[in-house]
Amino acid sequence: AFVADKEDGLSVFDISDLSDITLVLRDINYAAATDIQIIDNQAYIARGLEGFSIASINTNPLSVTETAHVDVSTSVRRVSPLPDNHVAVADDWNGQGVLVVDINNPTQPIIIDNSGTTSPKLVVKDYLIVAIDGGSFNGNDKNKLIVYNTENMGSVSTLQELNFSQLYASTVDVSLFESTLALLLH
């Protein structure tokens, strides 16, 4: 199991025997890791103010080797896979918002578009990105739920926006189950 372990970086646990879970690798080179997605043998790691990294995973012996690093001048919270070798990257602040990144060549990722909002929380379903645009981060007091369409990977288009509360984005999370959207307010 791969774990984005914030200050401790990237941790890998052997969970083959659930009665004896063991730490097999800790790599502090990925400090500030807040999210990780594994696609094939590539790890896509959100690293807060460090941007995000793409790393190759080797299994014998176990190692993680960075193949690309993207500094997006913002705080990256989440990385989620999209169809057609793309990922969505959630910006925590600084106005870049949801970034769509082409990962056809994982050693040379290309940012192809951004939403221009602040979206620390997002979830992806097919070509749709559902994101929270947060009040305290975007300079107003309201959160917005925004649905983006990425079917044309060259641009992110907004399908729907909905103001939903006075709560700050750091207290809201978003999840999808089939076609039902859930907001977790905490």
Side-chain angles (χ1 to χ4, degrees), residues 1-92 96-115 119-132 148 150-151 153-154 156 173-178 182 184:
F2 287 78
V3 178
D5 209 1
K6 293 199 177 181
E7 289 78 23
D8 289 330
L10 177 66
S11 297
V12 182
F13 294 88
D14 180 350
I15 60 171
S16 60
D17 179 355
L18 294 179
S19 65
D20 185 29
I21 297 173
T22 55
L23 176 67
V24 293
L25 177 76
R26 176 165 282 145
D27 191 335
I28 61 169
N29 292 316
Y30 300 100
T34 58
D35 189 30
I36 184 169
Q37 296 293 322
I38 308 293
I39 304 170
D40 298 323
N41 284 348
Q42 300 291 322
Y44 299 86
I45 306 164
R47 299 185 52 208
L49 293 173
E50 299 295 321
F52 77 97
S53 295
I54 300 174
S56 177
I57 301 168
N58 300 308
T59 56
N60 194 7
L62 181 62
S63 66
V64 179
T65 305
E66 186 171 78
T67 56
H69 178 81
V70 180
D71 181 6
V72 293
S73 302
T74 188
S75 183
V76 175
R77 247 339 146 154
R78 199 173 275 180
V79 179
S80 296
L82 287 165
D84 303 326
N85 290 319
H86 290 76
V87 292
V89 176
D91 161 11
D92 203 11
Q96 293 203 48
V98 176
L99 305 171
V100 175
V101 181
D102 180 333
I103 56 170
N104 277 297
N105 180 350
T107 63
Q108 296 180 335
I110 301 167
I111 298 172
I112 58 172
D113 201 1
N114 70 62
S115 65
S119 302
K121 315 284 180 147
L122 65 78
V123 65
V124 171
K125 180 167 176 55
D126 300 324
Y127 289 98
L128 297 179
I129 300 171
V130 179
I132 304 297
Y148 300 103
T150 63
E151 204 156 7
M153 286 296 181
V156 176
D173 209 343
V174 61
S175 182
L176 281 174
F177 175 72
E178 296 178 1
L184 174 64

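Scope of the values below: all heavy atoms of this structure, side chains included, with no hydrogens, waters or symmetry mates.
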- Nearest 0.5 Å please: distance from the OH atom of Y30 over to the CG atom of D8. 15.5 Å
- Task: Look at the side chain of D102 and the backbone N and O of H86, then say whether any donor-acceptor pair between them is shorter than 3.5 Å.
- Result: no
- D35 CG to Y44 OH distance, which is reported to the nearest 0.5 Å: 13.5 Å
- Task: For residues V101 and I110, determine if any side-chain heavy atom of one lies less than 4.5 Å from a side-chain heavy atom of the other.
- Result: no
- Where A46 and F52 come nearest, the two heavy atoms and their spacing: CA-CB, 4.1 Å
- Message: Salt bridge check, E66 against R47: does any charged N sit closer than 4.0 Å to a carboxylate O?
- Response: yes
- State whether a side-chain donor-acceptor pair under 3.5 Å links S11 with R26. yes
- Are T22 and D17 side-chain neighbours, meaning at least one heavy-atom pair lies under 4.5 Å? no
- Task: Can you measure from CG (N41) to CG (N58) and round to the nearest 0.5 angstrom?
- Result: 7.5 Å
- Closest contact, heavy atoms only, T34 versus G48: OG1-N, 4.3 Å
- Task: Report, as yes or no, whether the 6.0 Å neighbourhood of atom CD1 on I15 holds more than 12 heavy atoms from other residues, nucleotides or ligands.
- Result: no
- Distance col, row I57:CD1 vs I36:CD1, nearest 0.5 angstrom, shows 6.0 Å
